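All remarks here apply to the structure that follows.
A, B, ... follow the sequence lines: proteins, then strands. Residue 1 opens every chain. Because the structure is a prediction, the values reported are computed rather than measured.
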Amino acid sequence: MASVERRILVTAALPYANGPIHIGHLVEYIQTDIWVRFQKLRGRRCVFICADDTHGTAIMIRARQEGRSEEALIAEMSAAHQRDFAGFDIAFDNYGSTNSDANRRLCGQFWTALRQAGLVVEREVSQLYDPQAGTFLADRFVKGTCPKCGATNQYGDSCDKCGATYSPSDLIEPTSVLSGARPEIRAAKHLFVELEQLHEFLETWTQSGEHLQAEVANYLKGHFLNEPLRDWDVSRPAPYFGFEIPDSPGHYWYVWFDAPIGYMASTAEWCARHGEAFDDWWKSDDAEIHHFIGKDITYFHTLFWPGMLRAAGYNLPAKVHIHGFLTVGGEKMSKSKGTFIKAETYLRRLDPAYLRYYYASKLGPRLDDLDLNIEEFVNKVNADLVNKVVNLASRSAKLIQDTGLSEVYPDDGGLFANAAAAGHEIAAAFDACDYSRATRLIMELADKANAFFDMQAPWKLKADPAQSQRLRDVCSIALNLYRQLAVYLAPIVPRLAQQTAVLLNAPIAHWNDAQTPLAGTPLAPFQHLMKRLERKDVDAMIEDSKEGAPAATPNAPPTAAPAAVAATATTSSTTATTTATTTGATPPAAPAVDSDAALLAEPLASQITIDEFAKVDLRVARVLAAEDVPEAKKLLKLTVSLGGEHKRTVFAGIKAAYRPEQLVGRLVLIVANLAPRQMKFGLSEGMIVAVGPGEKEVFLLGVDSGAKPGQRAH
RNA sequence: GGGCCUGUAGCUCAACGGUCAGAGCAGGGGACUCAUAAUCCCUUGGUUGGGGGUUCGAAUCCCUCCAGGCCUACCA
């Protein structure tokens with residue numbers, strides 16, 4: 001057992017700001033969150049750090065295509081990511097962004113250190129250039145005809161058809177994916193890090209057996225360390241969305257240079273908020289850094305990143321935990337099959353506890369891919385969590401609802417002590433990231449508890465008043481055994497632990513809460529702890545995810561923004577939709593015959609001049625964030641952007657018609673020059689324009705494709 | 001082409017070179033009826049991908065073949 005002073009810093013990989021969180025991402029965030037919750041439950045000082053990864057060509061291109069700033073794009077994605085993570089109970093201590101001042105500053109520090117260590121060299125690189133878009137092109141932004149087999153429409157690096165590999169300049173009839181222009185070859189200066197100078201150090205560090213899984217160490221040894229390490233190209237010529245390199249104007253750090261430094265920048269933000277010293281976490285022998293990543297980004301985290309940290313004099317990772325990929329039904333996630341399931345789509349249908357438990361039950365300490373098999377998912381969650389665990393609480397609590405637990409914990413034949421002892425083995429499994437083993441061990445305990453309950457048949461005792469104490473004893477034992485399960489499962493399904501604490505009137509705050517039985521405590525009125533997972537709900541979720549099926553995603557380009565609300569409306573053609581979903585979604589196909597009821601209900605106002613109309617400044621705005629105001633009956637609190645850094649907080653009386661998550665990302669029309677109004681819940685700096693009589697009948701105005709935040713309505 | 005990894009019951013997975021290879025789910029039979037159609041007991045089911053080898057002894061170590069996954073093939 002480590003000393004109490006030991007600090008554990010945990011990171012999960014930074015999700016890229018170019019797409020929404022999906023169930024593939026969640027393998028990692030759930031894995032990491034479980035580990036962090038476990039460490040905290042054990043009483044360790046543990047901080048969970050993450051951030052959005054925001055730089056690079058892809059972001060730049062997309063922002064350009066969508067006609068908005070990169071900052072607007074990444075702000076929206078960050079809000080969406082954080083909302084999704086929160087929905088899955090992933091509890092970061094800090095969630096930052098690589099596009100932050102702290103990160104720019106730290107990148108500069110690293111750069112200076114690399115320069116001083118003599119690791120940076122300069123070289124010309126010839127690359128394809130799109131003269132029309134004015135940017136250099138990565139291989140995958142060039143398409144053309146394969147020089148080997150003649151297949152058309154192939155990417156610049158390799159051919160899907162014949163598997164040939166080549167350089168983009170070998171392509172026949174190359175075209176830029178961005179503009180369709182024919183790329184030309186241009187030379188530009190690039191800056192490289194000579195990783196080879198750190199070869200010996202990296203050999204030692206990777207092969208020590210302490211920091212990496214064995215197969216990862218083998219992979220590195222066989223693939224990289226057996227020959228001189230290649231120089232790493234860490235710069236990109238303008239235009240590039242990122243940080244400009246201070247001593248090389250016109251050149252930017254490559255996204256993979258600043259991304260891992262983002263771990264530190266996000267830590268710095270957390271430290272600032274909590275009065276902690278940054279160096280205690282990144283330059284201290286008492287601190288352990290644990291990175292959780294997917295196997296696709298092994299290289300960056302096991303060679304380059306340790307090299308950078310070493311050069312800059314920071315702590316090296318104590319361990320890099322690497323996991324495999326997610327498959328669904330044994331195959332890659334597929335948009336057409338509906339298995340590319342976004343976090344948001346999942347949360348509209350299912351309890352996050354199901355996925356957290358299922359992933360935990362399948363995750364081991366190694367890099368194996370993890371398969372989400374739908375049938376197994378339903379079976380396992382129901383059999384384990386509902387039938388064995390939750391049902392144990394349900395059947396026993398209801399029998400002694402009035403009396404509460406026995407005053408003295410009765411003789412249980414050693415069951416409780418046995419399960420308490422098993423806590424050590426279970427903890428070791430969690431610590432080693434062997435969650436499948438942990439869940440297996442926990443379920444063994446659940447089986448024993450259920451067998452005990454059946455053997456004692458307390459429902460028969462209930463019929464005989466003379467047996468009331470015996471009844472109370474048996475159920476007290478069962479509930480204590482159940483509580484142990486809830487403690488052990490707390491890192492995986494934290495909400496269940498909370499509900500259990502309420503039921504038994506005793507908090508679950510520490511792993512050791514499973515070591516001592518409760519006695520004499522009253523029971524809160526029993527409430528359903530977890531719903532069964534229904535196959536039809538899973539199927540509906542998959543339907544929602546099929547390509548072509550609309551989905552309310554903040555990811556949608558502005559052209560689709562007005563459809564964002566409509567999307568939810570039609571998520572399922574077979575199920576009843578919520579009220580808001582009927583909102584202005586479908587354009588009438590048939591010639592419309594409209595009643596004049598609305599006009600009669602609200603007659604036209606008196607005539608005005610065009611000058612009077614011009615006083616009202618209507619602007620397009622994008623909803624960056626939306627949250628419920630719990631104390632308010634009608635209000636949602638929206639943060640909208642007029643572009644750039646121009647943000648407004650607006651309270652809108654649309655709670656009955658829209659859920660906050662439906663709004664994030666879409667464009668709305670606001671009265672931008674309305675005098676700010678102090679409301680009970682804060683200052684409202686504008687007004688969202690909507691039609692309808694009110695209550696559930698509220699319809700926000702959308703705009704046709706091409707409109708941009710900040711544009712005025714004339 | 002190179003590399004890493006995997007292959008155990010219908011499914012998902014266990015099993016420090018050592019008692020008849022185990023468990024959950026699914027299947028079959030029975031019990032119970034407190035509980036979220038849940039639970040409990042019994043039970044069917046495996047030439048451990050194929051073939052060689054090392055060993056007193058191999059799912060486990062070595063070789064080879066087959067199948068699958070992933071990474072990589074000079075901006076890694």
Side-chain angles (χ1 to χ4, degrees), chain A residues 57 123 125-128 136-139 156-158 163-168 188 190-192 195 213-224 226 229-237 254 256 294-300 302-304 324-325 327 330-332 358 361-362 364 366-373 375-400 434 436-437 439-441 443-444 446-463 471 474-475 478 526 528-534:
Chain A
T57 311
R123 206 183 303 150
V125 171
S126 290
Q127 215 183 337
L128 289 183
F136 284 93
L137 296 166
D139 291 357
D157 49 355
S158 66
T165 58
Y166 39 77
S167 134
H190 279 240
L191 294 156
F192 293 81
L195 209 50
Q213 288 128 302
E215 56 266 56
V216 177
N218 290 342
Y219 158 73
L220 295 172
K221 192 178 178 69
H223 202 75
F224 296 98
N226 58 347
L229 293 163
R230 290 190 285 264
D231 295 347
W232 206 54
D233 184 350
V234 293
S235 78
R236 292 294 181 275
Y254 177 44
W256 263 110
K295 62 184 179 184
D296 52 328
I297 55 176
T298 298
Y299 170 83
F300 298 101
T302 57
L303 292 176
F304 195 69
F325 294 145
T327 54
E331 298 175 3
K332 277 187 181 174
Y358 182 77
S361 77
K362 306 276 286 187
R366 298 197 302 165
L367 288 76
D368 303 334
D369 287 349
L370 184 163
D371 188 51
L372 171 60
N373 177 287
E375 194 172 334
E376 190 197 5
F377 177 49
V378 174
N379 280 343
K380 184 159 229 149
V381 165
N382 285 336
D384 289 1
L385 276 187
V386 180
N387 298 355
K388 286 182 184 175
V389 176
V390 160
N391 189 42
L392 178 64
S394 179
R395 59 198 309 212
S396 49
K398 286 175 183 173
L399 287 172
I400 56 164
D434 198 349
S436 64
R437 178 172 164 79
T439 54
R440 226 171 22 245
L441 292 168
M443 287 311 133
E444 277 177 25
D447 285 341
K448 285 179 187 161
N450 274 305
F452 165 82
F453 194 85
D454 256 63
M455 193 86 81
Q456 300 298 321
W459 57 93
K460 286 181 181 162
L461 300 174
K462 179 144 192 157
L471 169 69
V474 168
C475 291
F526 185 81
H528 214 68
L529 294 168
M530 190 179 295
K531 259 182 21 188
R532 301 182 66 72
L533 171 52
E534 302 289 346

>> Distance check needed: B:C70 P versus A:I297 CD1, whole Å only.
In response: 17 Å
> What string of B, S and - do you get for nucleotides 9-17 of chain B 5' to 3' if you count protein non-hydrogen atoms under 4.0 Å?
Replying inline: ---SSS---
> With rounding to whole Å, what would you report as the distance between B:G45 and B:G10 at their C1' atoms?
Replying inline: 9 Å
> Expressed in angstrom and rounded to an integer, what is the separation of A:D296 atom CG from B:C5 atom C1'?
Replying inline: 16 Å
> Ignoring hydrogens and geometry, is there a side-chain-to-backbone donor-acceptor pair from A:N391 to A:V386 under 3.5 Å?
Replying inline: no
> What distance do A:T57 atom OG1 and A:R236 atom CZ have between them, rounded to the nearest 0.5 Å?
Replying inline: 7.0 Å
>> Rounded to whole Å, how long is the line connecting atom CZ of A:F377 with atom P of B:C25?
In response: 18 Å
>> Assess the residue pair A:K388 and A:D447 against the criterion (salt bridge (Lys or Arg N to Asp or Glu O under 4.0 Å)); give the C-alpha distance rounded to whole Å, side-chain angles, the decisive distance to 0.1 Å, and a yes or no.
In response: CA-CA 7 Å; A:K388 286 182 184 175; A:D447 285 341; 3.2 Å; yes
> Under 4.0 angstrom, heavy atoms only, what part of the nucleic acid is A:K460 near: base, sugar-phosphate, or nothing?
Replying inline: sugar-phosphate
> For A:K295 and A:Q127, take the nucleotide of RNA chain B holding the closest heavy atom to each; which residue's nucleotide lies nearer the 5' end?
Replying inline: A:K295
> Between B:A14 and B:G3, how far is it from one P atom to the other, in whole Å?
Replying inline: 27 Å
> In whole Å, what separates the P atom of B:A59 from that of B:U19?
Replying inline: 10 Å
>> At 4.0 Å (heavy atoms only), tell me whether A:W256 reaches a base, stays on the sugar-phosphate, or touches nothing.
In response: nothing
> Between B:C5 and B:C75, how far is it from one C1' atom to the other, in whole Å?
Replying inline: 28 Å
> For the side chain of A:R230, counting heavy atoms from C-beta on, which of B:C74, B:C71, B:C75 is nearest?
Replying inline: B:C74
> If you measure from CD1 on A:I400 to CG on A:L471, what distance do you get to the nearest 0.5 Å?
Replying inline: 7.0 Å
>> Say we look at B:G68 and B:U60: how far apart would their P atoms be, to the nearest angstrom?
In response: 22 Å
> With rounding to whole Å, what would you report as the distance between B:C66 and B:G30 at their P atoms?
Replying inline: 50 Å
> Around A:E375, counting heavy atoms of other residues, nucleotides and ligands shown, do more than 12 lie under 6.0 Å from its CD?
Replying inline: no
Please list each protein N or O that sits under 3.5 Å from an N or O in nucleotides 34-41 of chain B, with the distance.
unit_1 : atom_1 : unit_2 : atom_2 : d
B:C34  : O2     : A:R395 : NE     : 3.3
B:C34  : N3     : A:R395 : NH2    : 2.6
B:C34  : N4     : A:R395 : NH2    : 3.1
B:A35  : O3'    : A:S394 : OG     : 3.4
B:A35  : O3'    : A:K398 : NZ     : 3.2
B:A35  : O2'    : A:N391 : OD1    : 2.2
B:A35  : O2'    : A:S394 : OG     : 3.3
B:A35  : N1     : A:R395 : NH2    : 3.4
B:A35  : N3     : A:N391 : ND2    : 3.3
B:A35  : N3     : A:R395 : NE     : 3.1
B:U36  : OP1    : A:K398 : NZ     : 2.7
B:U36  : N3     : A:H528 : NE2    : 3.4
B:U36  : N3     : A:M530 : O      : 2.5
B:U36  : O4     : A:L529 : N      : 3.4
B:U36  : O4     : A:M530 : N      : 3.1
B:U36  : O4     : A:M530 : O      : 3.1
B:A38  : OP1    : A:R532 : NH2    : 3.0
B:A38  : O3'    : A:N387 : ND2    : 3.3
B:A38  : O2'    : A:N387 : O      : 3.3
B:A38  : O2'    : A:N391 : ND2    : 2.6
B:U39  : O2'    : A:R395 : NH1    : 3.3
B:U39  : O2'    : A:D454 : OD1    : 2.5
B:U39  : O2     : A:D454 : OD2    : 3.2
B:C40  : O4'    : A:D454 : OD2    : 3.0

>> With rounding to the nearest 0.5 angstrom, report the CG to OG1 distance, A:L367 to A:T298.
In response: 6.5 Å
> Is it true that a side-chain atom of A:Y358 and a backbone atom of A:E376 form a donor plus acceptor pair closer than 3.5 Å?
Replying inline: no
> Rounding to the closest angstrom, what is the interatomic distance between B:G53 and B:C20 at atom C1'?
Replying inline: 26 Å
> Between atom CG of A:D434 and atom CZ of A:R440, what is the distance when rounded to the nearest 0.5 Å?
Replying inline: 7.0 Å
> Hey, what do you get for CZ (A:F325) to CG (A:D371), rounding to the nearest 0.5 Å?
Replying inline: 14.5 Å
>> For a quick check of understanding: with a heavy-atom distance under 4.0 Å over all strands, which category does A:E444 fall into, base, sugar-phosphate or nothing?
In response: nothing
>> Using the C1' atom as the point on both nucleotides, what is the distance between B:C11 and B:G27, in whole Å?
In response: 12 Å
>> What contact category does A:F224 fall into here, base, sugar-phosphate, or nothing, at under 4.0 angstrom with non-hydrogen atoms?
In response: base
>> From OH of A:Y299 over to P of B:C75, roughly how many Å is that when rounded to an integer?
In response: 11 Å
>> Among A:F304, A:Y219, A:F224, exactly one meets ring pair (Phe, Tyr, Trp, His ring centres under 6.0 Å) together with A:Y299. Which residue is that?
In response: A:F224
> Does any non-hydrogen side-chain atom of A:D454 lie less than 4.5 Å from one of A:R395?
Replying inline: yes
> Could you go step by step and tell me if A:K362 and A:D368 meet the salt bridge (Lys or Arg N to Asp or Glu O under 4.0 Å) rule?
Replying inline: CA-CA 10 Å; A:K362 306 276 286 187; A:D368 303 334; over 6 Å; no
> Do the side chain of A:H190 and the main chain of A:S235 share a donor and acceptor less than 3.5 angstrom apart?
Replying inline: yes
> In dot-bracket, 5' to 3', how would RNA chain B read with Watson-Crick or G-U wobble pairs under 3.5 Å, [ ] for crossing ones and | for pairs to another strand?
Replying inline: (((((((..((((....[...)))).(((((.......))))).....(((((..]....))))))))))))....
>> Measure CG/A:L303 against C1'/B:C71 and give the value in whole Å, please.
In response: 13 Å
